[in-house]
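Here the structure is laid out as C-alpha cells; the discussion comes afterwards.
Side-chain atoms are counted along with the backbone in the values below, which use heavy atoms only and exclude waters and symmetry mates.
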Amino acid sequence: MKIASFNINGIKARINALPDWLDEADADVILLQEIKSVDEAFPREIFEDRGYIVETHGQKGFNGVAILSKLPLEDVTRGLPGDDSDEQARWIEATVIGDQRPVRVCGLYLPNGNPTPGPKYDYKLAWMERLQARAQALLAIEEPFLMAGDYNIIPQDEDAKRPEAWAKDALALPQSRAAFRRIVNLGFTEAFRARTQGPGHYTFWDYQAGAWNRDDGIRIDHFLLSPQCADLLTDCQIDKDIRARDKPSDHVPIWVTLDA
DNA sequence: ATGCCGAATAGGATTCGA
C-alpha cells in the first residue's frame, strides 16, 4: 500500500500540475493539505476519473484537507477533537481497507503559528496538545495507524539548509520542537528518519529569493507511524523533482509504502 | 531579508502562508 502526502497550496492553482504527478506516483491513498476550497467546489472528477474515492474537509479561502483512495474507506471523520469552537479545516481521518489489513490514516495540516509570540502561536501549541490527545487515544487501540501531512515543524537543525534563519520561527522554536517530540515520543516512528539519515532532505522551498535554485529548503512534511504500522514500513521517499516543474506548489509530496 | 513570491478573495488591496 502506497500512501502519499502533499500540501498542494490551492487545488485551483494546481489543476494543471497535479494530474502528471497523480499518474506517475500511482499512490493508493493520497492525503492533501491546503486545498483552499469548499467541499462543493473541489474538482472531484480529476481524481474519480483515476479511480479514487474523494473525501474532503474544506473551507473558504484557506486550509482544507482531503483523503483520496483507490482502496475502500470506512469511518471517515472530519475535524480534530478537543475544541468544538475550532472552525479551521485541518484534520481528516479514515480507515483504509488494505488487501492484507486495515490501516487508520489521519491527514493533517498543523497551524503555522507565526508570528511569535501571539495568538497564532498559542493556537498552534493548543492544536498540538489536541493532536497529542488524539494520538494517545489511537495508540491505545494497538492497531496500525499513521498521522501524516504538513506538520509545520522543522524537527532538528539538520532539517533546514539555513537553521539559523529559522531559529526564532514558529516552525523551529524549542517550544515547537518539544511539542512535536512529546507526540513522537509516545511511541511513533518518524518514517523518513527511519530510512534516511543526515542533512539535505527537504519538503518545502519558499517561492521567494530563489530558494529552490539555492536548495534553501526545510523538512516539515512528516509521516508518524504507530508501532504496529512501523512494523509494516517498506519505504519512505520525497518526490523532490516535482518542485522544478511549471506552476509547482511550494511543498513536494512525501510517501510511504506499507506491507498492508 | 524586514514577505523578495504565490494564492484567494475581490473586483483593488489585503490577508495568509513558512
Within residues 7-21 of chain A: residues closer than 4.0 Å to DNA chain B (heavy atoms)
A/N7, A/N9, A/G10, A/K12, A/A13, A/R14
So which of A/D221, A/I238, A/D241 actually passes side chain to side chain contact (heavy atoms under 4.5 Å, CB included) with A/V252?
A/I238
Just the rounded figure in Å: distance from P of B/dC16 to NZ of A/K36.
12 Å
Rounded to whole Å, the CH2-C1' distance (A/W205 to B/dG6) equals 17 Å
Proximity to the side chain of A/D206 - top-ranked nucleotide from B/dG17, B/dA8, B/dG3
B/dG3
Looking at every non-hydrogen atom in both residues, tell me the closest pair between A/H201 and A/T196 and how far apart they are.
NE2-CG2, 3.4 Å
Quantified in whole Å, what is the C1' atom distance between nucleotide B/dG3 and nucleotide B/dG17?
9 Å
Rounded to the Å, how far apart are A/Q33 CD and B/dC16 C1'?
17 Å
On a whole-Å scale, what distance lies between the P atoms belonging to B/dT14 and B/dC4?
14 Å
Can you measure A/F204 atom CZ to B/dG3 atom C1' for me and round it to whole angstrom units?
11 Å
Is A/R243 reaching over with its side chain to a backbone N or O of A/W205, donor-acceptor style, under 3.5 angstrom?
yes
Which nucleotide wins on minimum distance to the side chain of A/A209, given the candidates B/dC4, B/dC16, B/dA8?
B/dC4
Checking the side chain of A/T234 only, and the main-chain atoms of A/T257 only, is there a donor and an acceptor separated by less than 3.5 Å?
yes
In terms of side-chain heavy atoms of A/Y207, which of B/dC16, B/dC4, B/dC5 is nearest?
B/dC5
By nearest nucleotide on DNA chain B, pick out whichever of A/I35 and A/W166 is the more 5' one.
A/I35
A/D20 and A/R245 ion-paired at < 4.0 Å
no
Tell me: CZ of A/R162 to C1' of B/dC4, nearest whole Å?
12 Å
Between A/G210 and A/F62, the residue closer to the 5' end of DNA chain B by nearest nucleotide is A/G210
Whole angstroms only, please: what is the CZ-C1' distance between A/R214 and B/dA1?
10 Å
With a 6.0 Å cut-off on the ring centroids, do A/F188 and A/F145 count as close?
yes
Modelled atom types, side-chain donor and acceptor of A/E143 and A/S226, under 3.5 Å
no
Could you tell me whether A/K120 contacts a base, only the sugar-phosphate backbone, or nothing, with contacts defined as non-hydrogen atoms closer than 4.0 Å?
sugar-phosphate
Could you pull out all donor-acceptor pairs under 3.5 Å where a side-chain atom in residues 96-106 of chain A meets a protein atom, sequence neighbours excluded?
{"residue": "A/Q100", "atom": "NE2", "partner": "A/D259", "partner atom": "OD1", "Å": "3.2"}
{"residue": "A/R101", "atom": "NH1", "partner": "A/D259", "partner atom": "O", "Å": "2.6"}
{"residue": "A/R104", "atom": "NE", "partner": "A/E93", "partner atom": "OE1", "Å": "3.0"}
{"residue": "A/R104", "atom": "NH1", "partner": "A/D75", "partner atom": "O", "Å": "2.8"}
{"residue": "A/R104", "atom": "NH1", "partner": "A/T95", "partner atom": "OG1", "Å": "2.9"}
{"residue": "A/R104", "atom": "NH2", "partner": "A/D75", "partner atom": "O", "Å": "3.1"}
{"residue": "A/R104", "atom": "NH2", "partner": "A/E93", "partner atom": "OE1", "Å": "3.0"}

Rounded off to whole Å, could you give me the CG-to-P distance for the A/D216 and B/dG3 pair?
16 Å
DNA chain B-proximal residues of residues 148-160 of chain A, any heavy atom under 4.0 Å
A/D150, A/N152
Taking atom P of B/dC4 as reference, at what distance in whole Å does atom CG of A/N213 sit?
18 Å
If the P atom of B/dT2 is compared with that of B/dA13, how far apart are they to the nearest Å?
26 Å
Counting side-chain heavy atoms from CB outward, which of B/dA7, B/dT9, B/dG3 is closest to A/K247?
B/dA7
Could you tell me whether A/D26 and A/K2 make a salt bridge, using a distance below 4.0 angstrom between a side-chain N and a carboxylate O?
no
Could you tell me how the ring of A/F47 sits relative to the ring of A/F42: parallel (under 30°), tilted (30 to 60°) or perpendicular (over 60°)?
parallel
